[in-house]
Amino acid sequence: MYASSSSGSEDEDESIDSYRKGGYHAVRIGDSFHAGRYIAQRKLGWGQFSTVWLAYDTKNSDYVALKIQKSAPQFSQAALHEIEILSAIADSDPSHNKCVLRLIDHFKHAGPNGQHLCMVLELLGDTLLRLIKYTRYKGLELNKVREISKCILIGLDYLHRELGIIHSDLKPENILLVSTIDPVKDPIRSSLTPILERPEGNQNGGSSINIIEKKLKRRARRAVARIAGRRDSTMESEGNGKTKRSLDGIDVRCRVVDFGNACWGDKPFADEIQTRQYRAPEVILRSGYSFSADMWSFACTAFELATGEMMFTPNEGQGFSEDEDHLALMMELLGKMPKKIAIGGALSREYFDRHGDLKRIRRLKYTSLDQFLVDKYHFSTSDAKEFADFLSPLLDFAPEKRPTAEQSLQHPWLSNVDVAVGMSKLQID
Ligand code: ATP
Ligand code: MG
């Protein structure tokens, strides 16, 4: 079930070939679901397992995200697992202030390609990856990184301590802002009028949809031109003179999403979890993992928010594998892995000799995290020191030594950071 996916960007579409028996359900704008309660408005995104639609909930007069799973048994199985986890999350957090995606409803929908499990989710905005792109990969101001980090940690603390759930795939793509960066794309801020029935002539999903969509977009754009104006300001980043977009006016409250790979802490089911760049060393070495694997991915995510670049981007090379390169990169930044840990995993022998040295990558170029932040990303010495002081313990090679989410929330780097966690609705403040 594990998938390090390349899902739903606006640059590409899902494959048409996947609209077949067992695959995606074809949706036309205005289609209704669950006995007429939800009406499809437009596509929000897609993944390997599903397409996700902006839908109007006629019962609550509200917008929601409708995730329609592919219909083959393995996809239904995965959706049932996701629903189980999301239901546990929703049940224990009735006030909904834990920074985790909320499941509103779920049901089955029969279509020409089979029976599709559907999840009705709270409507969220852009992913943190899009936010990083928006900064032109220069990274966010540290105060925004603090705010976002606190929100993610509140979510992780809830998952880990109260529910016993390991997320297993934490990364910027799987953390969604509660709001869109571009207010035009926000159905509430752009005062979109919901479509309540299939527009006339929309029989085959043809060009009439596009015309209507374009009209709606134009109307929405006019309505929010005023708000949009204040978002394009740029500012000089300190030191290196490159421009960095300011996030003034962008709401950085966020939610942890995508529980397709999540598991109960007492019964992990996959040996290999996490997307490559965010994968913890104990997962690579097959030494067993727990909640602390999420803390590693969290640290990689916070680093990426602050610098605009992934912390580790391993590559296969001549005579060594991607895994070995990954371990080498970790040690260059974090110091040599203690021998006991290096040789303690089921796959240790593939990468380490009996002294605990990498077999094929012999010469490592060590640096320290704070020096790296100064040299490569032009952090001031004090910013670098404080940030590294927050991150380093989370990147301990010994999983049990990493601070928990609860402990991380107490770190001085996060003191004086206020996050408004409540209010799930997209709205203008
Ligand atoms: P994957 O290939 O990642 O396993 P998936 O089929 O499980 O994908 P998701 O990753 O859950 O699907 O969602 C696909 C896309 O839909 C996301 O990348 C995002 O753009 C959009 N999306 C999902 N949930 C929401 C939501 N609650 N609000 C707004 N957009 C959403
Ligand atoms: Mg997914």
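Order of appearance sets the numbers: ligands from 1, and atoms from 1 within every ligand.
- In summary, the atoms of ligand 1 found under 4.0 Å from a heavy atom of Leu101, numbered by their order in the structure, are 27 (N).
- For Leu124, heavy-atom contacts with ligand 1 shorter than 4.0 Å involve the backbone as well as the side chain.
- Between the side chain of Gln69 and the main chain of Leu117, no donor-acceptor pair closer than 3.5 Å is present.
- Phe320 is linked by a ring pair (Phe, Tyr, Trp, His ring centres under 6.0 Å) to nothing, counting only residues two or more places apart in sequence or in another chain.
- Residue-ligand proximity, Asp258 to ligand 1, at heavy-atom distances under 4.0 Å covers atoms 3 (O), 10 (O).
- Using a cutoff of 4.0 Å between basic side-chain nitrogens and carboxylate oxygens, Glu282 and Arg402 are scored as salt-bridged.
- Contacts of Glu197 classified as salt bridge (Lys or Arg N to Asp or Glu O under 4.0 Å), with partners at least two apart in sequence or in another chain: none.
- The atoms of ligand 1 that sit less than 4.0 Å from any heavy atom of Val52 are 13 (O), 14 (C), 16 (O), 22 (N), 23 (C), 31 (C).
- No heavy atom of Val257 sits closer than 4.0 Å to any atom of ligand 1.
- Ring planes of Phe379 and Tyr377: perpendicular class, angle over 60° (limits at 30 and 60°).
- Close approach of ligand 1 to Gln48 (heavy-atom distance below 4.0 Å) involves ligand atoms 1 (P), 2 (O), 6 (O), 8 (O).
- For ligand 1, the atoms sitting less than 4.0 Å from at least one non-hydrogen atom of Phe49 are 4 (O), 6 (O), numbered in the order shown with element in parentheses.
- Counting heavy atoms closer than 4.0 Å to ligand 1, residue Lys67 contributes side-chain atoms (C-beta onward) but none from N, CA, C or O.
- Proximity to Ala65 (heavy-atom distance under 4.0 Å) selects the following atoms of ligand 1: 26 (C), 27 (N), 28 (N).
- Taking distance alone, with nitrogen or oxygen atoms compared against 3.5 Å, Thr127 stays at or beyond that limit from ligand 1.
- A salt bridge is defined here as a Lys NZ or Arg NE, NH1 or NH2 lying under 4.0 Å from an Asp or Glu carboxylate O, and Arg146 with Asp418 fails to meet this definition.
- Ring centroids of Phe33 and His116 are separated by 6.0 Å or more, keeping the two rings apart.
- Of the charged side-chain nitrogens involved, at least one lies within less than 4.0 Å of a carboxylate oxygen, so that Glu272 and Arg279 count as a salt-bridged pair.
- Heavy atoms from both the backbone and the side chain of Ser50 come within less than 4.0 Å of ligand 1.
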